[in-house]
Amino acid sequence: MLKKTLIAASAISLSAFAFTACGSSDSEGGDATASDDGSFTMGFAQVGAESGWRTANTTSIQDAAKDSGVDLKFNDAQGKQENQIQAIRSYIQQKVDVIAFSPVVETGWDAVLQEAKAANIPVILTDRAVDSEDTSLYKSFLGSDFVVEGQKAGQWLVDNAADSDVNGDGKINVVQLEGTTGAAPAIDRAEGFADTIESEPTIEVTASQTGDFTRDGGKQVMESFLQSDDSIDVVYAHNDDMGLGAIEAIEAAGLKPGKDIKIITVDAVHDGMVALSEGKINLSVGCSPRLGPQLMDIAGKVLDGEEVEPRILTEETTFTQEQAIEALPDRQY
Ligand code: AHR
């Protein structure tokens with residue numbers, strides 16, 4: 001499968017069409033370079049505000065822009081690809097120096113990215129990838145390896161298989177709460193998990209449905225899983241928020257999350273870490289939302305004509321319940 005790039009962008013308002021870029025974009029709109037003092041304008045098209053992870057990511061980008069003297073134009077696409085495309089087009093019209101974005105879904109970006117390229121505005125993908133054959137459409141992709149995250153979740157379950165057959169029927173029945181359909185983290189976290197659990201034949205994903213990366217979505221899907229199946233051993237949620245929604249549904253059904261049903265999540269952001277430290281989640285795979293400082297650095301280098309790596313991976317780890325208790329006092333997101 002073709003992979004992939006993502007863009008992170010920060011923007012503030014799409015209505016500011018009369019905006020003048022502060023870098024040295026020429027009147028044709030493009031060939032952007034940082035101005036003499038290193039400042040530049042970035043248009044950032046964010047996915048939305050669907051999760052604690054996303055909120056922390058937006059804060060990181062906005063804070064980093066402020067600290068670096070970057071004029072940030074930020075748009076919240078409310079989870080809709082068409083809004084992101086509109087935002088990117090607006091940034092092209094505004095002649096920003098650089099565009100960054102985190103694509104809601106993987107496919108369908110070539111046309112708008114070609115428009116940015118034709119306008120000589122470099123694009124940087126952050127957090128999520130795009131699935132495009134034309135890698136010249138973006139300069140770099142900064143973010144996590146979501147397949148590895150899914151593998152880490154699966155490996156924990158394989159390693160803890162003996163304790164995870166809560167119903168004692170010799171099988172480990174897993175229900176999966178998927179992220180947004182078509183989004184890179186949903187596709188990759190499912191793939192990494194599925195590949196890894198193959199090594200333990202007692203583990204089976206018995207149901208899988210999208211909860212759209214939201215707490216409400218996770219709660220609703222989990223309620224319907226609980227109504228149709230009384231043999232669920234494990235929930236694998238593609239993010240903390242859906243795991244937290246599942247906890248609400250499990251508790252409402254009179255069961256103990258983390259004990260009667262094991263819970264594995266991805267993100268390890270604040271609310272997930274609290275639930276982990278309370279024993280309601282069993283493992284959270286880290287996914288760093290703090291991409292802002294690196295993004296500003298990469299953008300500055302691109303505008304200065306420096307070479308940047310086409311793929312920049314963020315470092316992350318996993319958290320058990322004990323590790324969450326230890327990490328929480330210093331956790332900043
Ligand atoms: O793309 C990163 C994912 O998007 C996070 O894991 C999830 O919480 C968010 O919505």
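Order of appearance sets the numbers: ligands from 1, and atoms from 1 within every ligand. One-based numbering along the sequence shown. Any value given below was found using the heavy atoms of this structure, including those in side chains, with hydrogens, waters and symmetry copies removed.
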Could you tell me whether [X] atom [atom1] has more than 12 heavy atoms of other residues or ligands within 6.0 Å of it?
X: Lys262; atom1: NZ; result: yes
X: Glu315; atom1: CD; result: no
X: Glu326; atom1: CD; result: no

So if I count the atoms of ligand 1 from 1 in the order they appear, which ones are less than 4.0 Å from some heavy atom of [X]?
X: Glu50; result: 4 (O), 9 (C), 10 (O)
X: Asn239; result: 7 (C), 8 (O)
X: Ser51; result: 7 (C), 8 (O), 9 (C), 10 (O)
X: Pro185; result: 1 (O)

Original post:
Hey, is Asp267 one of the residues with a heavy atom under 4.0 angstrom from ligand 1?
Top reply: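 Judged by the 4.0 Å heavy-atom criterion, Asp267 does count as contacting ligand 1.
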Check for me whether Asp127 has a heavy atom closer than 4.0 Å to any atom of ligand 1.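 Yes.
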_Member of Asp127, Asp267, Asp240 meeting the salt bridge (charged side-chain N to carboxylate O under 4.0 Å, His left out) criterion with Arg54_ =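 Looking at Asp127, Asp267, Asp240, the match for Arg54 under the salt bridge (charged side-chain N to carboxylate O under 4.0 Å, His left out) is Asp127.
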- Item | Contact (N/O only, under 3.5 Å) between Arg189 and ligand 1 |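 Yes: some nitrogen or oxygen of Arg189 is under 3.5 Å from one in ligand 1.
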- prompt: For Trp53 and ligand 1, does the shortest N/O to N/O distance drop below 3.5 Å?
  reply: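 No, no N or O pair falls under 3.5 Å.
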Same cluster or not: are Leu244 and Val175 linked, directly or through other Ile, Leu, Val, Met, Phe, Trp or Tyr residues, by side-chain heavy atoms under 4.5 angstrom apart?
yes
Q.
Quick check: is Trp156 connected to Phe193 through a chain of hydrophobic side chains (ILVMFWY, heavy atoms under 4.5 Å apart)?
A. yes
If the plane angle is over 60° it's perpendicular, under 30° parallel, otherwise tilted; pick one for Phe213 and His238.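 Judged by the thresholds at 30° and 60°, the geometry between Phe213 and His238 is tilted.
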Q.
Applying a heavy-atom cut-off of 4.0 Å, say which part of Met242 lies close to ligand 1: side chain, backbone, both or neither.
A.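 Neither part.
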